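What follows is one structure encoded as structure tokens, with my remarks underneath.
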Amino acid sequence: MGCAPPPPPPPLTPHPARRAASLSQRHFCARQAGAAIHRSTDEQDPGSGNYRGVFGAENASLRCFYPPTRVFAKMNAGCLVLACSFLVGASVESKPSQPIKPPCTPGFSQNFYTVIVSRDLLHGQRILKDSTLSSERVKFEDCQRGREVGFVTNDPNFGVRHDGTVYAVQDVSNLSEPVQFMVTAKGLHEPRVWETTVKLALAGHPHPLALSKAGITEMLSRVWDSQPKVIKFSRKHQRGSAANGLRRQKRDWVIPPINVPENSRGPFPHLLVRIRSDQDKDVGIRYSITGAGADQPPSGIYNIDPISGNMFVTQPLDREDRASFHLRAHAVDMNGNQVENPIDLYIYVIDMNDNRPEFQNQVYNGSVAEGSKPGSSVMQVTATDSDDSTTANGMVRYRILSQTPHSPIPNMFTINSETGDIVTVAAGLDREKVSQYTIIVQATDMEGNLNFGLSNTATALISINDINDNPPELTVRTFSGEVPENKVNVVVTNLTVVDRDQPHSPNWNAVYRIVSGDPTGHFTIRTNPITNEGMLTVVKPVDFEMNRAFMLTVVVSNQAHLASGIQSSLQSTAGVTISVQDVNEPPVFPVNPKVIRFEEGVPAGTTLTVFAAQDPDHFIHQIVRYSKLSDPANWLKINRTNGQITTMALLDRESIFVKNNVYEATFLAFDNGSPPASGTGTLQIYLIDVNDNAPVLIPREAQVCDRARPNSRINITAADADADPNVGPFVFELPSFPASVRRNWTISRLNGDYAQLKLRISYLEASVYEIPVIVSDSGNPPLSNRSTIRVKVCPCDDNGDCSATGAVAAAGLGTGAIIAILISIIILLSMVLLFVVWMKRREKERQAKPLLIDPEDDVRDNILKYDEEGGGEEDQDYDLSQLQQPESLDHIINKPAGVRRVDERPAIAESQYPVRSSLPHPGDIGDFINDGLRAADNDPTAPPYDSLLVFDYEGSGSTAGSVSSLNSISSGDQDYDYLNDWGPRFKKLADLYGGGDDD
């Protein structure tokens with residue numbers, strides 16, 4: 001079968017709007033100003049008139065044929081003509097990171113890399129072998145699995161090392177145009193492979209000029225209307241052929257990349273290439289393609305006619321989504337047997353200018369100090385373009401569209417067109433006039449070409465930072481105020497200031513200083529943080545009698561130093577006149593507190609001192625009077641006129657009101673001014689001790705063994721309320737009377753404050769002994785005291801401790817006394833028991849005492865047997881519902897005449913029950929109950945005798961009479977005490993009527 005091209009597609013007649021869109025689509029080449037042109041270096045096959053690729057791959061057995069194409073003329077002395085059908089796809093910009101990080105997937109970090117090669121690597125026009133082309137690397141993510149990955153390229157001139165750097169495998173003679181190749185990553189121990197595309201571009205290479213409209217249309221027609229190239233499977237390895245004398249070459253055919261422009265409007269499917277096998281003449285061949293874009297996601301982008309081998313693209317492509325595809329073409333016979341080795345197809349998506357520059361922020365905030373010199377940096381704005389950054393499509397340029405306000409000139413700022421840095425271009429920035437500028441910045445791709453490039457705008461807000469270029473100025477040259485004497489923390493006057501710098505900043509905050517007129521530091525100036533005013537405040541009391549006025553000089557400045565070249569204003573200094581007001585000052589005690597020394601025990605009426613106060617108001621004659629304010633022991637009094645202090649009682653140093661030998665009293669001095677003023681003074685009396693307290697023996701109780709032992713002794717000492725030298729050493733001695741004291745006991749001195757009391761004899765009967773001891777102090781003259789110590793003498797055990805029986809004996813209780821105590825306790829318990837038995841017996845007698853009425857007439861049983869449930873034949877069909885007291889008698893009155901049931905209330909008048917007599921006779925209650933019982937038995941309106949339960953109904957509408965009828969009608973007082981003799985059942989009634997004893 002020959003290599004005839006497929007029939008051309010039918011001519012299209014699009015809708016006018018579609019035609020305009022198609023024309024706009026074709027104009028993308030005009031926006032490719034500066035883009036590189038991919039030129040084939042293939043050699044023409046002299047036999048077929050096609051171009052043959054001569055890429056030398058050792059293991060490839062492929063060849064491709066291109067149909068004849070038109071030759072493009074050179075433009076402008078060597079500038080390359082822009083051929084859109086062979087433009088290399090641009091690099092894929094990294095997409096913005098998502099808020100949620102996706103799970104790690106092994107593979108290349110990008111599906112397209114753009115590597116810029118520095119011109120410094122060129123040696124003439126060549127790049128030497130093993131030269132690293134750039135610091136940029138191809139990054140492979142293995143998700144920390146530690147796999148060993150090797151990189152292989154489909155371009156024999158370039159390779160990728162294990163660290164991802166791109167290098168020259170051999171000397172490269174020319175890199176004037178961008179070079180694009182595929183990189184395959186394969187694990188050393190696993191069959192899976194990953195692919196990406198790398199584009200190499202020389203930094204700063206010249207760009208061709210933009211084409212005219214006609215040229216663009218012509219090139220677009222070349223892309224879509226030119227005859228598709230035919231790709232043939234390479235023949236099997238051949239032996240030498242005698243027919244043609246040809247031998248198999250070592251280098252086989254390599255399929256060049258297929259370039260497809262993005263965003264094509266169709267028609268689709270569009271024929272890209274035709275794949276053929278030389279064996280299709282002999283056997284039936286079926287063609288197929290595999291790889292990402294065909295049978296792998298994103299699947300369906302490319303397909304192939306299995307019979308003709310025509311390969312189509314089925315939809316528009318987006319370079320920013322995927323920049324390249326790697327497919328494999330297969331040829332099998334009708335039985336599915338492989339006829340040809342698979343061939344690799346590399347498809348590159350050609351970039352179009354279909355993305356506007358995007359600013360990272362819509363509003364940028366920057367600042368610059370006022371008064372900055374031209375060229376001062378302000379801020380930087382950044383816009384990115386998703387198109388190929390190595391072509392004009394992705395080259396962004398910046399410019400300023402407008403400035404608001406236009407003060408002092410409309411162009412105060414400029415922007416670096418390539419970097420986006422905004423700087424000042426003129427002087428005159430003054431925050432006090434303009435505090436903020438609004439700049440509209442435009443970013444345009446196509447290197448800023450407004451005719452073909454796409455644009456976007458952002459807003460830059462430039463704040464003018466304040467500097468201290470305005471000194472503070474006081475509003476007036478002289479301030480005045482007045483202050484009363486002896487007052488502190490009083491604001492005399494407020495110093496007002498004006499500062500045009502930024503409020504509440506160090507450049508605005510005022511600092512006030514008093515430079516003269518206050519040598520003793522009576523005043524200070526505090527700054528109000530809100531109003532910035534200076535509050536002149538008194539911190540040390542002033543005295544009208546010493547200074548009636550002050551003349552101060554005040555200087556104001558800022559917290560921050562003035563900017564360079566700014567001088568202080570003359571209005572930063574002012575004078576302050578302060579008048580002192582005279583007030584009535586309280587009398588003052590010259591010495592406060594006043595300390596005097598006296599011996600204790602001075603008699604009442606003794607004059608101690610004169611505690612007089614002085615009035616500081618020298619210009620006003622006033623009378624000072626005195627009174628006592630505090631005198632805890634009430635020992636002193638003061639003369640109201642002259643302040644003389646005299647005693648009213650004996651001064652005692654040992655009193656609880658004396659602390660550390662000092663007694664303190666407070667006195668008040670007041671004048672007769674308007675208003676009156678008073679002052680206090682404290683008098684401290686240091687009391688000198690005299691020997692007026694005799695010593696007291698310690699301890700007052702002790703115990704010893706009845707037999708003299710080495711450790712059976714008592715240590716004694718004394719306590720004296722006096723102070724040195726009227727206390728120890730003490731003298732301890734036994735009195736001569738009674739004689740038994742010295743006969744049985746002896747005292748030996750241990751030191752000046754302690755002595756020992758012990759038995760003189762070898763044995764002393766166990767008992768309690770009171771031993772008198774005379775104690776004398778060392779005062780002059782000394783004082784003595786006869787004290788008694790209570791000593792318990794008891795038998796001791798081997799350890800020298802008193803035994804239990806010995807302790808009792810020592811307490812003075814013999815065996816007879818103990819027995820007497822026990823007998824007394826037994827007698828007391830017996831009396832209590834007899835009393836309880838007598839009370840119980842009396843209670844039983846009271847319960848057994850009969851009533852004053854006959855037993856047959858005793859109604860107590862009838863009353864107590866309230867739980868009896870009937871007992872006659874009439875109860876057999878008794879309607880229990882009738883036992884409930886009715887709300888009314890209407891249903892009974894209106895009932896027709898006839899036989900009535902005995903449990904129904906007759907509709908007749910109620911019987912009159914007897915009234916109790918008022919005579920206070922014991923039989924009265926019995927007779928009254930009997931009469932009431934007989935009346936109830938003869939009452940036809942009463943219910944049956946066994947229906948007495950109805951009387952406990954206490955609801956509304958009860959027809960029962962009130963128990964108040966039981967009350968006595970007598971108006972006189974009756975004695976109901978006899979009810980107490982009727983037993984406990986009448987106890988409550990006796991309490992109600994008789995008020996008797998509650999036994």
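We count residues from 1, following the sequence as given. In this text the structure is predicted, and so the values were computed from the model without any measurement.
The nearest pair of heavy atoms linking Gln279 to Glu340 is NE2-OE2, 3.7 Å. Heavy-atom minimum distance, Ile275 versus Ala329: CD1-CB, 3.5 Å. Looking at every heavy atom in both residues, Phe112 comes nearest to Lys199 through CZ-CB, 3.7 Å. For the residue pair Phe151 and Phe108, the shortest heavy atom distance occurs at CE2-CE2, 3.6 Å. Smallest separation of non-hydrogen atoms from Met182 and Ser324: CE-OG, 3.9 Å.
For Tyr167 and Phe158, the gap between ring centers reaches or exceeds 6.0 Å.
Here the rule is side-chain hydrogen bond (donor to acceptor under 3.5 Å, both in side chains) with Asn393, and of Asp354, Asn353, Asp351, Asp387 only Asp351 fits it.
Within the 4.5 Å cutoff, side-chain heavy atoms of Leu450 are placed close to those of Thr444. A heavy-atom distance below 4.5 Å is found between the side chains of Tyr302 and Met311. Between Leu317 and Ile301 the shortest side-chain heavy-atom distance falls below 4.5 Å.
Applying the salt bridge (charged side-chain N to carboxylate O under 4.0 Å, His left out) definition to pairs two or more places apart or across chains, none involves residues 149-167.
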### Steps toward side-chain contact (heavy atoms from CB on, under 4.5 Å) verdict (Glu320, Asn355)
CA-CA 9 Å; Glu320 287 72 39; Asn355 291 280; 3.1 Å; yes
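Under a 4.0 Å N-O distance rule, the pair Arg126/Asp171 qualifies as a salt bridge.
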